[in-house]
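Report on the structure given below.
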Amino acid sequence: MVRANALFIVVVISLIIGILTSSLILIAYHYRLQISDSLLYKRLELNANSGINLLLSDYPLPYDEPKWVDLFKEETDSILIKKSRWGVFEVGVVKASLGKSKVVKAIEYGYKPDRVSGGALYLVDQNRPLSLCGKTILRGTCYLPEAGVKRAYIEGQSFEGDKLVHGKTERSKTSLPPLNPEVQKYVVALTENPGASGIQLKEIDWQEQDSIINSFLDSTSFIHSSSRLNISGKVIKGNVIIYSSSQVELSADNFIKDALVIAPSIIVKRGFTGSVQLFGTDSIIIEEEVRLTYPSVVSLVKKDFKVTQPFIRIGSKAEVTGLVVAFQQVFDLKQTLIDLRREAKVEGQVYADGFLDLKGIVHGSVACNKFTLRTHSSTYENHLLNAVIDQTQLSTHYVGSSLVKSEKVKKIIKYLE
């Protein structure tokens with residue numbers, strides 16, 4: 001005898017089984033979608049990495065011209081790659097896409113210094129010896145004039161070390177290792193007119209904004225003034241150029257990262273911390289206790305004859321990690337000067353196409369036409385007093401710029417947003 005509610009129980013059980021079965025099918029479907037999306041993302045990720053490898057290879061790619069590349073010649077894995085200059089470094093962007101899915105990566109990259117530019121010291125041979133006084137330390141390979149290096153006694157101090165050079169010495173030439181003419185030309189164009197250097201600029205109303213953050217995937221944000229420009233209380237990050245035809249002053253209450261700063265005169269106020277590339281034509285003053293983090297650049301360009309001497313001054317207890325360079329297109333008595341004060345430190349490369357007054361510390365390499373030492377009592381040529389040049393203290397992972405003589409191998413500095 002069949003119970004009256006048996007049919008109802010069968011229907012309920014069937015409904016439960018149907019729900020469970022549908023749920024399992026739905027879960028399996030979503031799982032397959034997740035697997036498919038994951039595989040697609042991994043495929044696009046690999047394609048984007050392949051594009052990065054192309055950028056770092058000798059693959060022929062003109063600047064500022066995006067190019068589609070079919071990776072495997074099957075018309076299924078194509079990427080869009082583009083490279084451009086960013087100051088003295090380079091930026092590469094890779095976009096891998098398939099349907100509505102895409103992976104975009106941007107990198108900043110540079111070049112490893114070569115054997116000569118990666119040495120401790122390159123002093124141009126002007127038939128004068130290098131004289132060392134006090135607690136001066138030279139550590140690493142040094143390229144010196146034929147007259148060599150000697151002990152000296154000035155300002156009441158004689159040389160205190162047991163060795164003049166802690167490393168190999170080789171003969172220098174009568175001129176500095178030349179800068180890369182293409183990058184040099186680009187830097188000159190940048191100081192004259194940032195827009196003429198091939199950068200797509202979008203001028204912004206910056207004064208009312210507390211934060212200016214711009215991706216390297218977009219056009220360059222342009223802060224411009226024909227008069228003195230005082231930047232204070234701002235967060236500025238990424239693809240941004242700050243330009244004045246007079247002077248730029250960066251206060252300590254800013255946070256600036258990756259931006260370019262261009263002006264005849266640039267002042268970085270005491271206590272500032274950030275990562276910037278500075279390009280000046282008359283003077284660049286880095287005040288005391290400033291920290292310019294890697295990869296920063298302090299670059300002075302002398303383009304014409306000057307009444308006063310163009311100079312870079314790095315104040316006491318200031319630190320610059322990256323490249324400090326001064327070069328000139330015309331030569332007269334007012335040669336460029338890099339003045340590194342006591343207790344100031346550079347981690348990276350110093351290239352002085354002119355004079356270098358070195359009283360501080362360089363962990364890395366120095367190249368200059370001539371040392372000048374200014375004291376309260378006199379001025380000395382090719383003398384170092386209590387200075388430190390130690391190439392062995394520079395990180396083996398340091399990556400420089402192709403502006404200075406370098407290997408052809410490209411290295412990633414960092415990934416960009």
Side-chain angles (χ1 to χ4, degrees), residues 88 110-152 159 161-181 183-184 312 322-328 331 335-338 340 345-373 380-396 398-409:
V88 300
Y111 298 77
K112 293 284 287 184
D114 71 356
R115 184 177 65 88
V116 176
S117 64
L121 173 62
Y122 194 103
L123 177 61
V124 168
D125 191 347
Q126 297 183 348
N127 299 317
R128 292 174 179 269
L130 173 63
S131 300
L132 306 184
C133 316
K135 298 179 181 180
T136 295
I137 296 174
L138 298 180
R139 184 170 285 115
T141 302
C142 293
Y143 295 81
L144 300 171
E146 185 178 10
V149 58
K150 67 177 186 178
R151 291 173 167 82
F159 181 71
D162 56 342
K163 295 177 68 175
L164 291 170
V165 177
H166 300 265
K168 293 171 54 180
T169 60
E170 297 190 28
R171 173 81 179 275
S172 64
K173 297 181 180 180
T174 55
S175 61
L176 287 171
L179 297 176
N180 184 325
V183 184
Q184 193 173 2
I312 295 171
L323 180 65
V324 179
V325 58
F327 67 87
Q328 45 202 0
F331 294 86
Q335 293 189 46
T336 60
L337 168 69
I338 297 177
L340 191 65
K345 182 165 70 173
V346 174
E347 298 265 354
Q349 297 169 276
V350 177
Y351 183 100
D353 182 14
F355 299 111
L356 174 60
D357 189 347
L358 176 58
K359 299 185 182 76
I361 301 168
V362 176
H363 287 167
S365 62
V366 169
C368 67
N369 286 335
K370 183 185 293 184
F371 286 109
T372 183
L373 177 62
Y380 304 87
E381 288 190 357
N382 274 4
H383 280 68
L384 290 175
L385 174 63
N386 298 324
V388 174
I389 303 174
D390 191 343
Q391 188 274 330
T392 65
Q393 292 298 311
L394 182 63
S395 169
T396 56
Y398 173 81
V399 180
S401 164
S402 61
L403 174 63
V404 180
K405 196 174 181 184
S406 58
E407 298 177 355
K408 293 183 178 181
V409 180

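Values below: all heavy atoms of this structure, side chains included; hydrogens, waters and symmetry mates excluded. None of the values given here were measured: they were computed from a predicted structure. Residue numbers run from 1 in the order of the sequence given.
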Intermediate values then yes/no, salt bridge (Lys or Arg N to Asp or Glu O under 4.0 Å), Lys112 and Asp114: CA-CA 6 Å; Lys112 293 284 287 184; Asp114 71 356; over 6 Å; no

Hey, mind stepping through Phe371 and Leu121 against side-chain contact (heavy atoms from CB on, under 4.5 Å) and telling me if it holds? CA-CA 11 Å; Phe371 286 109; Leu121 173 62; 3.7 Å; yes

How long is the straight-line distance from [atom2] of [Y] back to [atom1] of [X], given to the nearest 0.5 Å?
{"X": "Arg115", "Y": "Ser406", "atom1": "CZ", "atom2": "OG", "answer": "14.5 Å"}
{"X": "Lys359", "Y": "Asn386", "atom1": "NZ", "atom2": "CG", "answer": "11.0 Å"}
{"X": "Lys370", "Y": "Phe355", "atom1": "NZ", "atom2": "CZ", "answer": "5.0 Å"}
{"X": "Asn127", "Y": "Glu146", "atom1": "CG", "atom2": "CD", "answer": "8.0 Å"}
{"X": "Asp390", "Y": "Ile361", "atom1": "CG", "atom2": "CD1", "answer": "9.5 Å"}
{"X": "Gln391", "Y": "His166", "atom1": "CD", "atom2": "NE2", "answer": "14.0 Å"}

Is there a side-chain contact between [X] and [Y] (heavy atoms, below 4.5 Å)?
{"X": "Leu138", "Y": "Leu130", "result": "yes"}
{"X": "Leu384", "Y": "Leu358", "result": "yes"}
{"X": "Thr372", "Y": "Leu337", "result": "yes"}
{"X": "Asn180", "Y": "Tyr111", "result": "no"}
{"X": "Leu340", "Y": "Asp357", "result": "no"}
{"X": "Ile389", "Y": "Ile137", "result": "no"}
{"X": "Cys142", "Y": "Glu170", "result": "no"}

Could you go through the salt bridge (Lys or Arg N to Asp or Glu O under 4.0 Å) check for Asp125 and Arg171 one step at a time? CA-CA 8 Å; Asp125 191 347; Arg171 173 81 179 275; 3.2 Å; yes

Determine, stepwise, if the pair Tyr122 / Val116 fulfils side-chain contact (heavy atoms from CB on, under 4.5 Å). CA-CA 8 Å; Tyr122 194 103; Val116 176; 3.7 Å; yes

Compare every heavy atom of [Y] with every heavy atom of [X], then report the nearest pair and how far apart it is.
{"X": "Ala352", "Y": "Ile338", "answer": "CB-CD1, 3.8 Å"}
{"X": "Ser365", "Y": "Gly118", "answer": "CB-C, 4.4 Å"}
{"X": "Leu164", "Y": "Leu132", "answer": "O-CD1, 3.4 Å"}
{"X": "Val88", "Y": "Val183", "answer": "CA-CG1, 4.5 Å"}
{"X": "Lys150", "Y": "Ser131", "answer": "CE-OG, 3.2 Å"}
{"X": "Ser172", "Y": "Pro145", "answer": "OG-N, 3.4 Å"}

Decide side-chain contact (heavy atoms from CB on, under 4.5 Å) for Tyr351 and Leu179; before the verdict, give the C-alpha distance in whole Å, the side-chain angles of both, and the deciding distance to 0.1 Å. CA-CA 10 Å; Tyr351 183 100; Leu179 297 176; 3.5 Å; yes

Option among Thr336, Leu356, Val124 that satisfies the side chain to side chain contact (heavy atoms under 4.5 Å, CB included) test with Asn369: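 Single pass found, and it is Val124.
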
Counting heavy atoms not belonging to Arg139, are there more than 12 under 6.0 Å from its CZ?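 Yes, enclosed.
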
Determine, step by step, whether Leu403 and Val325 satisfy the side-chain contact (heavy atoms from CB on, under 4.5 Å) criterion, reporting the C-alpha distance in whole Å, the side-chain angles of both residues, the deciding distance to 0.1 Å, and the verdict. CA-CA 9 Å; Leu403 174 63; Val325 58; 4.1 Å; yes

Modelled atom types, side-chain donor and acceptor of Tyr398 and Gln349, under 3.5 Å: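 Per modelled atom types, Tyr398 and Gln349 side chains form a pair under 3.5 Å.
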
Taking only residues at least two apart or on different chains, which pairs with a member in residues 123-142 satisfy ring-ring contact (aromatic ring centres under 6.0 Å, His included)?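 Sorted pair list comes back empty.
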
